[in-house]
Amino acid sequence: MKANEIRKAFFDFFEKEGHKIVPSAPIVNKNDPSLMFTNAGMNQFKDFFLGNKVPEVRRIADTQKCLRVSGKHNDLEEVGIDSYHHTMFEMLGNWSFGDYFKKEAISWAWALLTDVYGLPEDRLYVSVFEGDESDGLAPDEEAAALWRQFVPEDRILYFDKKDNFWEMGDTGPCGPCSEIHIDLRPDIERSKVSGRELVNMDNPLVVEIWNLVFIQFNRKADSSLEELPEKHIDTGMGFERLCMAVQGTTSNYDTDLFTPFIKALEEETGFQYEGSYSLDAKKDIAFRVIVDHIRAVSFAVADGQLPSNTGAGYVIRRILRRAVRYYYSFLDCREPLLFKLLPLLSEQFGPVFPELTSQNEFITKIILEEEKGFLRTLEGGLKRLNQLNINDGDTLSGKIAFELYDTFGFPIDLTRLIGQEEGWQVDNQGFEEALAEQKERSRSDARKESGDWIDVYDSEKVEFIGYDHLKADGIRIVKYRTVKVKDKNIFHLVLDKTPFYAESGGQVGDRGILQIADQKIKVLDTQKENDLIVHHVDKLPTQMDAQISASIDISRRQLTENNHTATHLMHAALRKVLGEHVQQRGSLVNQKQLRFDFSHFEKMTDEQIEQVEDIVNTKIRENITRGEHRNVPIKEAQESGAMMLFGEKYGEYVRMITFDPSFSIELCGGCHVRATGSLGYFKIKSESAIAAGVRRIEAVTAVEAYKYTDGLIQELAEVKGLFKNPVNVSKQVRDLLEANKALEKELSSVRSEKASGMKDSLMSQVITLNGIKVLTAKIEGLDMEGLKTLGYSLEKSLDKSVILLGLDTGEKANLMLLISKELTSEILDASKIIRKIARHIQGGGGGQSFFATAGGKNPKGIEHAINELREIIKG
RNA sequence: GGGGGAUUAGCUCAGCUGGCUAGAGCGCUAGAUUUGCAUUCUAGAGGUCAUCGGUUCGACUCCGAUAUUCUCCA
């Protein structure tokens with residue numbers, strides 16, 4: 001079976017059992033601040049388990065794209081070494097939300113694996129929870145009994161809490177789980193050691209393929225367990241491992257998920273993949289690293305996460321760079337390579353994940369640019385390393401190695417590798433110390449401690465009423481917690497209903513006031529955590545259970561709405577002017593301005609910018625009324641031509657915002673004006689590039705647009721005023737610039753004429769002392785630059801000579817001493833002499849042995865300085 | 001969010017512990033060589049050393065702030 005068939009068989013099987021097949025959630029997580037990437041199939045259903053939301057259907061199955069770069073065995077640096085760990089992987093799963101339970105989950109799992117996929121039964125082992133005394137839990141005999149229908153006793157194993165009890169977090173839904181493991185070792189080895197001995201022992205060929213979680217408890221804050229009224233099923237099956245088992249290979253990398261990529265790499269690099277897992281088989285590791293990482297990077301970019309230097313974007317950058325590092329070091333490749341694999345990826349995943357295919361060009365461009373950038377960084381690092389001139393047998397200090405890594409991004413393993421080749425070492429301990437130090441520094445700064453949620457009022461739901469109300473009464477606090485940020489306490493409140501909009505979709509969170517009895521509490525910000533609306537306040541109400549009236553900062557909200565609506569209008573206008581390839585890549589909307597990032601491959605021309613402004617301003621003048629439809633089924637919205645964004649997770653029902661159905665329809669949870677007229681005026685402030693293929697526009701509306709254009713007009717008026725209000729200002733400025741340049745030229749020729757005039761009269765003042773030509777003079781009306789030029793030109797004409805020029809500017813005095821190089825000696829050292837004679841002008845100085853300058857505040861001393869110089873020359 | 005670096009000619013960069021009249025290569029312009037192109041040679045133009053402020057007799061160089069950018073960490 002091909003991988004695509006295996007995946008399809010899974011869907012078909014569960015669809016037949018009444019499951020709804022849903023699309024994968026984006027791999028990039030946008031709603032949960034504690035999680036950057038989706039790392040398990042259940043992430044998108046978390047709210048169902050928590051009871052924050054009720055699912056539309058009770059049986060669901062899907063494949064979820066996941067990304068893991070940290071954890072017990074999934075450190076990024078480990079991927080590629082073995083045969084079965086990945087950064088990006090697919091997780092097949094089936095779910096029951098208060099519907100079927102252990103019986104069905106177990107029998108279906110068994111049927112799918114053995115009947116549909118035809119896995120040999122005698123190689124399958126199952127594990128069940130053995131119970132836990134401290135939690136007062138008995139062994140999961142229910143599951144064990146169910147398994148006995150299919151599996152003989154000797155292949156049913158019991159494991160403890162660590163392996164077979166699943167918890168979502170410190171509190172919340174949890175329950176025992178049951179895993180299916182498969183033993184893929186050759187018969188010879190199986191006959192020597194039973195697979196039974198190797199389950200959960202990290203053997204690469206005896207691996208878990210499916211985890212069935214039976215969610216039946218709720219872990220309370222005091223760590224006690226409570227039976228749930230509704231029981232759930234949550235399963236997860238690693239797709240890559242499943243393919244390995246079904247296709248009978250001994251490594252995930254030998255399945256057809258990876259072999260086409262390895263083959264392509266062989267052709268590109270000219271090296272053969274030998275499939276060795278020895279730590280010395282660097283080339284093979286490199287192959288695996290590349291074919292693994294290209295998936296992670298591409299999926300993340302497709303869902304909108306561009307490589308960057310902070311947060312989730314930095315994780316993606318690190319993954320990509322690790323792949324580059326490997327082909328650079330071990331496959332002798334100095335040119336971008338990863339981007340060439342994209343057509344293949346699109347071909348393979350297109351049917352399941354259309355976002356890869358439809359954005360192929362964009363992803364390719366991003367990856368190519370990122371590769372180029374890092375190859376440049378590597379080159380810079382190599383150059384720097386060369387400059388250090390490390391000798392054979394030396395040890396490169398940890399400090400320098402760390403500097404190379406930290407400041408210039410030169411990977412430490414590459415430093416070590418080069419050292420190995422050139423016969424020097426790196427002080428690893430020193431490096432690790434420096435790294436630990438930096439981590440500590442960063443961590444101590446970012447320290448943010450959030451306390452536990454404290455429940456106040458039991459509410460069925462948490463409702464946002466801010467589309468229709470800007471203030472509301474009779475609100476109750478559901479829960480609160482204390483958060484410590486940089487030694488300051490702030491507080492988070494969750495209300496049962498609220499007019500406050502939580503930051504989302506680029507629109508900033510509302511601010512405003514909560515009134516509780518006589519107490520007024522400021523809301524500093526409103527943020528979203530999954531589906532909770534969290535109000536950030538600077539103090540807690542004294543009466544937690546009192547009723548609250550909440551009112552938001554209305555003018556701030558209205559200005560923000562202007563900019564949000566402008567974003568929609570501009571998005572539509574951009575697609576009209578530039579083309580349908582324009583896709584939103586990021587957006588920020590606040591009360592002052594809007595910032596919109598979108599995919600487009602070249603700089604916009606001034607005309608295009610003007611056109612976009614024109615279209616938007618026309619739509620503003622048409623004063624189009626907002627069309628707002630809540631709870632539109634997603635299918636219907638799609639059919640009406642609403643713009644959908646990649647990397648955005650849409651629910652079953654969506655909110656649709658329309659300004660002229662033939663112009664702008666977007667799915668959006670944000671706040672918008674009633675009619676476009678309130679935007680007043682729209683003006684683009686800047687258009688720039690922020691990444692390969694991504695442009696950014698900053699624009700303003702209403703008051704800010706007026707202020708901005710007014711500022712420009714004032715500035716122009718000021719310039720015009722300076723020119724006595726001419727008809728054509730730019731011509732005036734151009735002329736002035738030209739005239740200025742001509743004058744500058746003239747001035748410099750006049751100066752040099754003047755200097756040469758001085759030169760002639762000075763040449764006649766040369767005297768000979770002790771056999772040396774000496775010229776000393778006091779000069780006025782030159783600057784230091786002129787003095788230097790004069791001095792050098794005198795020296796050139798006089799040849800071997802000593803020249804001392806004193807410059808009197810009235811308030812200050814400067815000395816310049818030139819001694820022809822042939823004459824310099826221990827005594828005739830310009831620097832030493834000038835230091836001595838500068839005392840006369842009450843100053844100091846210095847320079848080289850043949851040229852020195854000094855400055856001071858006593859012009860009358862110049863004569864004395866000249867006299868002293870003569871004495872020195874006389875000896 | 002925190003740390004470290006970078007910013008010098010159109011481009012890529014050099015400029016050590018403050019003092020060489022701020023340099024190199026490529027590119028550009030002109031001339032010579034050549035039937036023409038390529039090549040080679042010669043000459044030349046091109047810089048508020050990111051911006052602002054400070055220390056100093058003197059700042060591309062040291063210090064501070066700002067901007068842009070790279071990089072590491074969270």
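Since the structure is predicted, the reported quantities are computational estimates derived from the model, not experimental observations. Lettering of chains follows the sequences in order, A, B, ..., and the numbering in each one begins at 1.
Among residues two or more places apart in sequence or in another chain, the ring-ring contact (aromatic ring centres under 6.0 Å, His included) test is passed with A/F37 by none. A/H293 is linked by a ring-ring contact (aromatic ring centres under 6.0 Å, His included) to nothing, counting only residues two or more places apart in sequence or in another chain. Residues meeting the side-chain hydrogen bond (donor to acceptor under 3.5 Å, both in side chains) test with A/N428, sequence neighbours left out: A/R416. Evaluation of the ring-ring contact (aromatic ring centres under 6.0 Å, His included) rule for A/F330 yields A/Y326 as partners, not counting sequence neighbours. Partners of A/E503 by side-chain hydrogen bond (donor to acceptor under 3.5 Å, both in side chains), not counting sequence neighbours, listed by chain and number: A/Q527.
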All N/O pairs under 3.5 Å across the protein-nucleotides 3-5 of chain B interface:
unit_1: B/G3; atom_1: O2'; unit_2: A/R441; atom_2: NH2; d: 3.3
unit_1: B/G3; atom_1: N2; unit_2: A/D406; atom_2: O; d: 3.4
unit_1: B/G3; atom_1: N2; unit_2: A/D406; atom_2: OD1; d: 2.6
unit_1: B/G3; atom_1: N2; unit_2: A/D406; atom_2: OD2; d: 2.8
unit_1: B/G4; atom_1: O2'; unit_2: A/T407; atom_2: OG1; d: 2.7
unit_1: B/G4; atom_1: N2; unit_2: A/T407; atom_2: O; d: 3.0

Check the interface with nucleotides 53-59 of chain B: list each N/O to N/O pair with the protein under 3.5 Å, or write none.
unit_1: B/C57; atom_1: O4'; unit_2: A/G855; atom_2: O; d: 3.0
unit_1: B/C57; atom_1: N1; unit_2: A/G844; atom_2: O; d: 2.9
unit_1: B/C57; atom_1: O2; unit_2: A/G844; atom_2: O; d: 3.3

Enumerate all atom pairs, one protein N or O and one N or O from nucleotides 8-12 of chain B, separated by less than 3.5 Å.
none

Return the polar atom pairs (N/O with N/O) between nucleotides 60-69 of chain B and the protein under 3.5 Å, or none.
none

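Relative orientation of the A/W453 and A/H492 rings is tilted, given thresholds of 30° and 60° on the angle between their planes.
Legend: salt bridge (Lys or Arg N to Asp or Glu O under 4.0 Å) pairs involving residues 587-598 of chain A, not counting sequence neighbours, sorted by first then second residue: A/D597-A/R696. Screening residues 861-870 of chain A for salt bridge (Lys or Arg N to Asp or Glu O under 4.0 Å), with sequence neighbours left out, gives A/R839-A/E868.
Here, B/C13 and B/A6 have their P atoms 14 Å apart, quoted to the whole Å. Nucleotides B/G27 and B/G54 are separated by 43 Å at their P atoms, to the nearest Å. Of the C1' atoms belonging to B/U7 and B/C52, the separation is 15 Å, rounded to the nearest Å.
Dashed line: the shortest gap from a side-chain N or O of A/R318 to OP1 or OP2 of B/U71 is not under 4.0 Å.
Cation-pi check for A/R481 over A/F491 is not met; the charged atom does not lie both under 6.0 angstrom from the ring centroid and within 45 degrees of its normal.
Among the heavy atoms of the strands, none lies under 4.0 Å from A/R839. Within the 4.0 angstrom heavy-atom criterion, no nucleotide atom of any strand lies near A/G373.
Here the P atom of nucleotide B/A74 and the CE atom of A/M36 are 9 Å apart, to the nearest Å.
Note on A/E77 versus A/R325: salt bridge recorded, some NZ/NE/NH1/NH2 to OD/OE distance being below 4.0 Å.
Listed for the A/S397 side chain is no donor-acceptor partner under 3.5 Å among the backbone atoms of A/D427.
With a cut-off of 3.5 Å on both pairing distances, the Watson-Crick and G-U wobble pairs of RNA chain B assemble into stems of 3 or more at B:1-7 with B:67-73, B:10-13 with B:23-26, B:28-32 with B:40-44, B:50-54 with B:62-66.
Atom CD1 of A/I819 and atom NZ of A/K800 lie 15.0 Å apart (nearest 0.5 Å).
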